[in-house]
Amino acid sequence: MTYYEPKPHKKFFEKTLEDYRDSIWGCARCNWCQNHWAWNVKSAEYSEICPAFHEFRIFPYAGMGKMHIARALLEGDFDYEDAPEVVKFLYTCTTCGACELNCQRLQDKEPLQVNETLRARLVKDGIGPMPEHRNLLKSVKNYDNPWMQPRTQRDRWARKIKIKNIEKEPAETLFFVGCTVAFDNTQWHVAQNTATILLGAGVDLGMLGTKEVCCGSPVARIGDRDTFFDLAQRNIDMLNKTGAKEIVTFCPGCFKALSHDYAEVPDVPRLQAAVYHSSQYFDRLITEGKLTFSRPVNKRVTWHDPCHMGRHCGIYDEPRRVLEAIPGINLVEMERIKDQSWCCGGGGGARTAFMDFAQKTAAKRIGEAKKTGAEAIVTSCPFCEQNIGDALNAMNDEMEIFDLTDIMIKAMYSREV
Amino acid sequence: MSDTRQKVIQKKLPREVYSALKNVVGEQWIHESRSVVETYSKLSIEGGSFVKKHEKDPHVLPACVVLPASTDDVQAIVKICNRYHVPFIPFTNGQVFCNPTTQDPTLIIHFSRMNRIIKIDTQNMSATLEPYVDYAQLQAEAMKRGLWNGGTPLATTVCKLASQFAFAGLWQTDLKYGLLNRNIISVKMVLPDGEILSTGSRCIPRAGDFWEYGPGPDLMGLQRSGLGTNGIVTEITVKLHAWVGDDALPEIPGGRPSLKHVHDAKYDSPPEPLKNHKLLWVEFKDLDTQLKAMREIAHSGVGIGLNATGVYSAFYCSQTQEMTVQRCKEHFFPDWNCYVILANTTSDQQIAYEEEVIRQIIAEVGGTFLSETHKPEVLKALQPWNYDCIRHSTGYRMNRKFYANAWLPVGPLEEAKTTSREWKKALDLFGEIDITDRGGADDTPFVYALQRGHFCLFETDNYPDPVLPEEIKKAQAYGIYGAAVVTKYDLGPQLMAFVNVEPFTTMFPEAGPNAHLFMRKIRQVFDPNSVAAPGRQVFTEQEWQQFPAEIKAAVNAMRELNGMPRVE
């Protein structure tokens, strides 16, 4: 009689395809990686869950297909020169993790981890990432951010806000801003809102200012593990030195990197501070009575779960509770929510390399949101806001998109910050 | 085993064939790159394709994948295949018998673009679907209208109904509603030579699609469970029945499950029974008592579903492989049991009445209901069935390496004992592969009571490690032994097709029902160029010659072991 022994634990970023051999051979083709969990299916239109399979209709785009490709590459059935198209299949994935969740639920297998490991192998072998990602990687290496921006510009969003520089003045709570919002002036409002809300609630808040460096999430998702390890090490060292007890961030990519990914990097120390997504922190402040909303915001809104915050990190209820605490807000749900949420299309490097696909995926989410009768989509992710916002503009649609903090600020102050 | 780094190179279609196909569907919807065909080559529970992968057999690789958008597209593709003698395989999810076994360059016709619910007819209580529509989609739309189709397969709710028509379509609710095959009103098919066939009343101009009989010969019967031998379904009209639950399955109050690394217990709250539905679980002291109770319940006419599950409860209702194995070791779930699905389909008092009937039967036969006082923790663990009995979603919860070479014979309820006894013999003969192989021997086989229990299906399975070809081959030996058992004891057909399929058809010609012998004769009429779904229901002479000699030898060894003459 055979008993399958559990394998010794290995950190995710140590793993190679070889570590997934059992998993990839055992793919059962059950097709749940492409489909909304059937108990929750409420219509034929929204019964699929994998954006890439939904768009392109062939299996290499689905989690299942990645398992089969991984098996063939691992066993030497073909190599890159026989199948150069593999790079496109692997990088069209938004890393939304829907396949992973359903597969773990049914098969105890990990198609997204396999895809990210495949990407790492492609990068190591010089085949990946997509050409569109190469500038992003260079920028991270040269400027500590993916957007080719000088380090000195990182704290421009905070010029009108009085917030401690934690290197000069100790603070209990560190605000980790993230690159996208720090450098994109169309998104500064999110950082400004967040800082205003936290400071207003009496939080002893500091930031790293121009010293902050990329969390490494984009390079981790693209598969450049060496660069990610370097960033993880630098961030952990720097963040531990600050002495902050808590770190708050609103970017789901940063949040996942700090709260989950760093623990999976080999040979780095532990991050000492507790890491919170801003919605978790706001929820706590509301519960403690430190954050109240006095002005009604009369809007019918729907919540879009960012994948790296929801499915990857399990934060579903907190932002909903925050919205429900705001007078006048009527929260209505889309069909695909929480762990079965439809990705906006902007993650995993897909928007950088496949803009059309990313926009089509966002347009589908907008269609789903409109069916609820909501006037606005609310979310808490700079990538989701950007990608859905661009699609709304392209569609010339009157529906609005807000960051969670936009709504909160409206409910707290007589004017927008 | 072959050189482990040896590449596996696919054959390609002749350029003129490729061009002709491209002209039908457009460049975007035809693929022949190496990585694409790879994803259409290894199937789910078909051990043979795994062995071939280990052996680096290039014949499992299709030459090309084409994605039609309409019946016209399919017709044009099939005509091209006939013109150039290119074998084709209709393909949806690729779970079972889609293996391109041919040694010639073979075309996959993948139906993922044909995924529309064409119509739900509330007056005639029917739905017309394209071939890529699955049970979850159909149920979601039908339930909004107070209707449903009567069940979902135990395999998984994402099975496509058109694919299931090609097999049997086994549901947990077969007790009342019968197989999918008995719930079909009509089909539109592209026959292997490219002709279009419509069946039932839809083939009468302007008559509508409401009745399964047409004015002429009943060709639908010939297509039912045809495994694609005689054509490709491009539209299917299924019966709908009254649905007495809510217009959607309710959200689970605790939330939805989370990933393991962010696990929170609140997200794994199992669902309570659906409105107007109830499940009763009964434990028995042995298989004899279980079968006696099941016979009485089935014949009493109550309930919409009646089944028994042994090792499968450990799979379906456990969250990890480790938990599954532990529960098997501990016999956490009752070895001998059955569950009855009750519904208020005709009256608000129906469940109460039928429960009373079942309680009387159990009092007479002997058995204990799982309840708040008897094994409440087991009853709680079984709660996923509360939704799964209607929309089966955990059905592919493997929590295991792989499973292959199942025994799925059909027969009267008592034959569950034959299956169990012979499975034990097979375990002694070939040796166990995994702890869970004992499911069906040390506990009940999975028993599905069909058509008010007039016949049943008994399932036992192997769980080999797909990484180890020796294990898969061992599982194949079980499969062949199972075919011999079916033949020896005159049980119903192997596998879920409810007709025998190749290679059993050729290797165990005694096995009935022998519709395949008729199909063998008429395949030449329907498929003069032998291009449709090669090697599924009936072999051509060429396909038989190409079949591996070692499997033929193994079959004869197994036949001799069971006192049957060799097949040459």
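Predicted model, so just to flag it, every value in this text is computed and none were measured. A note on names: the letters A, B, ... follow the listed sequences, proteins ahead of strands, and every chain is numbered from 1. Keep in mind that the numbers below use all heavy atoms, side chains included, and drop hydrogens, waters and symmetry copies.
Put simply, the side chain of B:Asp465 does not reach to within 4.5 Å of the side chain of B:Phe402, judged on heavy atoms.
Of the two parts of A:Tyr61, neither the backbone nor the side chain holds a non-hydrogen atom closer than 4.5 Å to a non-hydrogen atom of chain B. With a 4.5 Å cut-off on non-hydrogen atoms, B:Tyr135 does not touch chain A at all. Only the side chain of A:Asn35 has a heavy atom closer than 4.5 Å to any heavy atom of chain B. With a 4.5 Å cut-off on non-hydrogen atoms, A:Ser47 touches chain B through its side chain but not through its backbone. Residue B:Pro271 touches chain A through its side chain alone, counting heavy-atom pairs closer than 4.5 Å. A:Phe53 touches chain B through its side chain: at least one heavy atom from C-beta onward sits under 4.5 Å away, while N, CA, C and O do not. Of the atoms belonging to B:Asp134, it is side-chain heavy atoms, and not backbone ones, that fall under 4.5 Å from chain A. Contacts between B:Asp437 and chain A at a heavy-atom distance below 4.5 Å are absent for every atom of the residue.
Scanning all heavy atoms of the two residues, the minimum distance from B:Leu67 to A:Arg57 falls at CD2-O, 3.4 Å.
Heavy-atom pairs under 4.5 Å with chain A were tallied for B:Ala136, B:Ser33, B:Ser112; the largest tally goes to B:Ser112. The most heavy-atom pairs under 4.5 Å with chain A, out of B:Glu141, B:Arg113, B:Arg116, B:Met143, come from B:Glu141. Highest contact tally toward chain A, considering only B:Arg34, B:His31, B:Gln137, B:Lys144, is held by B:Arg34 [criterion: heavy-atom pairs under 4.5 Å]. For the options A:Trp39, A:Tyr46, A:Phe56, A:Phe78, heavy-atom pairs under 4.5 Å to chain B are most numerous at A:Trp39.
At distances below 3.5 Å, not a single donor-acceptor pair connects side-chain atoms of A:His277 with backbone N or O atoms of A:Met309.
Ring-plane geometry between B:Tyr403 and B:Tyr463 is classed as parallel, the angle between the planes falling under 30 degrees on a 0 to 90 degree scale with a further cut at 60. By the 30° and 60° cut-offs, the orientation of the rings of A:His260 relative to A:Phe255 is perpendicular.
Counted by atom type alone, A:Trp37 and B:Ser393 present zero donor-acceptor pairs between their side chains at under 3.5 Å.
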Intermediate values then yes/no, ring-ring contact (aromatic ring centres under 6.0 Å, His included), B:Tyr316 and B:Trp385: CA-CA 9 Å; B:Tyr316 292 176; B:Trp385 290 99; 5.2 Å; yes
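Residue A:Glu116 forms a salt bridge (charged side-chain N to carboxylate O under 4.0 Å, His left out) with just one option from A:Arg221, A:Lys66, A:Lys15, and that option is A:Arg221.
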